[in-house]
Amino acid sequence: QVQLVESGGGLVQAGGSLRLSCAASLQPFSNYIMGWFRQAPGKEREFVASIKWNGGITRYADSVKGRFTISRDNAKNTVYLQMNTLKPEDTAVYYCAANRFKSIVTGECDYWGQGTQVTVSS
């Protein structure tokens with residue numbers, strides 16, 4: 001059974017940083033495009049960032065460009081989301097997602113994690 005397990009969420013003050021991790025049981029991990037989405041209360045889930053197989057190609061939502069960085073360690077089957085200069089509007093449940101060989105941006109993903117809460121206080 002495929003599992004994506006997120007960790008690293010929590011409460012942080014505005015301007016602070018958090019690093020999310022997503023450990024995946026996908027094999028081979030390098031065959032999957034990995035990404036992060038988020039869903040704030042009362043809002044639809046939205047794309048945050050994605051990273052292709054060898055980490056050479058990344059994509060970001062405009063709202064997080066320059067503040068968030070996605071990376072992956074294929075040896076550890078893990079994808080990361082480094083979040084800096086956090087704002088209250090970044091508050092949401094953050095989900096890890098995976099697709100094999102197809103774009104992840106649309107949200108039509110093969111696998112999803114259970115989510116981790118990120119709360120940014122003002």
Side-chain angles (χ1 to χ4, degrees):
Q1 182 177 356
V2 172
Q3 283 190 313
L4 303 180
V5 181
E6 301 99 332
S7 62
L11 173 64
V12 64
Q13 288 189 332
S17 298
L18 282 175
R19 188 175 84 151
L20 305 183
S21 300
C22 172
S25 63
L26 301 165
Q27 291 293 343
F29 182 69
S30 58
N31 279 3
Y32 289 84
I33 300 171
M34 302 299 296
W36 290 93
F37 290 76
R38 67 186 182 186
Q39 187 167 20
K43 294 187 177 181
E44 293 187 351
R45 187 165 53 194
E46 64 175 359
F47 168 78
V48 175
S50 65
I51 186 166
K52 286 197 171 180
W53 311 284
N54 63 0
I57 298 175
T58 58
R59 188 169 177 177
Y60 297 92
D62 289 343
S63 58
V64 307
K65 278 181 184 176
R67 300 188 298 122
F68 290 11
T69 302
I70 189 171
S71 61
R72 67 190 293 162
D73 186 337
N74 287 344
K76 295 182 179 180
N77 281 30
T78 301
V79 61
Y80 305 97
L81 185 68
Q82 178 67 43
M83 305 185 294
N84 297 330
T85 319
L86 282 161
K87 304 175 181 180
E89 50 263 44
D90 294 318
T91 295
V93 177
Y94 282 72
Y95 297 91
C96 177
N99 264 352
R100 187 167 181 173
F101 302 134
K102 64 180 180 180
S103 175
I104 208 167
V105 174
T106 63
E108 296 177 359
C109 300
D110 296 331
Y111 303 105
W112 292 92
Q114 81 289 349
T116 185
Q117 176 70 47
V118 171
T119 303
V120 184
S121 63
S122 57

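This structure is a prediction, so every number in the text was calculated from the model and none was measured.
Here Leu86 is tied into one hydrophobic group with Val2, Leu4, Val12, Leu18, Leu20, Leu26, Phe29, Tyr32, Met34, Trp36, Val48, Ile51, Tyr60, Val64, Phe68, Ile70, Val79, Leu81, Met83, Tyr94, Tyr111, Val118, Val120, each link being a pair of ILVMFWY side chains closer than 4.5 Å. Hydrophobic side-chain contacts under 4.5 Å tie Leu11 to no other Ile, Leu, Val, Met, Phe, Trp or Tyr residue.
Atoms CH2 and CG, on Trp53 and Asn74 in that order, are 12.0 Å from each other to the nearest 0.5 Å.
Pairs of residues two or more places apart, or lying in two chains, that qualify as disulfide bond (SG atoms under 2.5 Å apart) and include a residue from residues 33-122 are Cys22-Cys96. Pairs engaging residues 15-37 under the salt bridge (charged side-chain N to carboxylate O under 4.0 Å, His left out) rule: none recorded [sequence neighbours left out]. For residues 50-62, every residue pair satisfying the salt bridge (charged side-chain N to carboxylate O under 4.0 Å, His left out) rule, not counting sequence neighbours, is listed here: Asp62-Lys65. For residues 27-82, there are no disulfide bond (SG atoms under 2.5 Å apart) pairs, not counting sequence neighbours. Sorted by first then second residue, the salt bridge (charged side-chain N to carboxylate O under 4.0 Å, His left out) pairs that include residues 83-103, not counting sequence neighbours, are Arg38-Asp90, Arg67-Asp90, Lys102-Asp110.
Residues satisfying the side-chain hydrogen bond (donor to acceptor under 3.5 Å, both in side chains) test with Asn31, not counting sequence neighbours, are none. For Gln3, there are no side-chain hydrogen bond (donor to acceptor under 3.5 Å, both in side chains) partners, not counting sequence neighbours. Shown here are the side-chain hydrogen bond (donor to acceptor under 3.5 Å, both in side chains) partners of Thr119, two or more places apart in sequence or in another chain: Gln117. Applying the ring-ring contact (aromatic ring centres under 6.0 Å, His included) test to Tyr80 and every residue at least two apart in sequence or in another chain returns nothing. With sequence neighbours left out, the side-chain hydrogen bond (donor to acceptor under 3.5 Å, both in side chains) criterion links Gln82 to Asn84.
Annotation for Glu44: atom CD does not count as buried by contact number, only 12 or fewer foreign heavy atoms lying within 6.0 Å.
The shortest non-hydrogen separation linking Ser50 to Val105 is OG-CG2, 4.5 Å. Nearest heavy atom pair, residue Ala14 against residue Pro88, reads CB-CD, 4.1 Å.
One N or O on the side chain of Glu6 and one on the backbone of Gly115 form a donor-acceptor pair closer than 3.5 Å. Asn77 places a side-chain N or O within 3.5 Å of a backbone atom of Ala24 that can act as its donor or acceptor partner.
Counting only heavy atoms from C-beta outward, the side chains of Glu108 and Asn99 never approach each other to under 4.5 Å.
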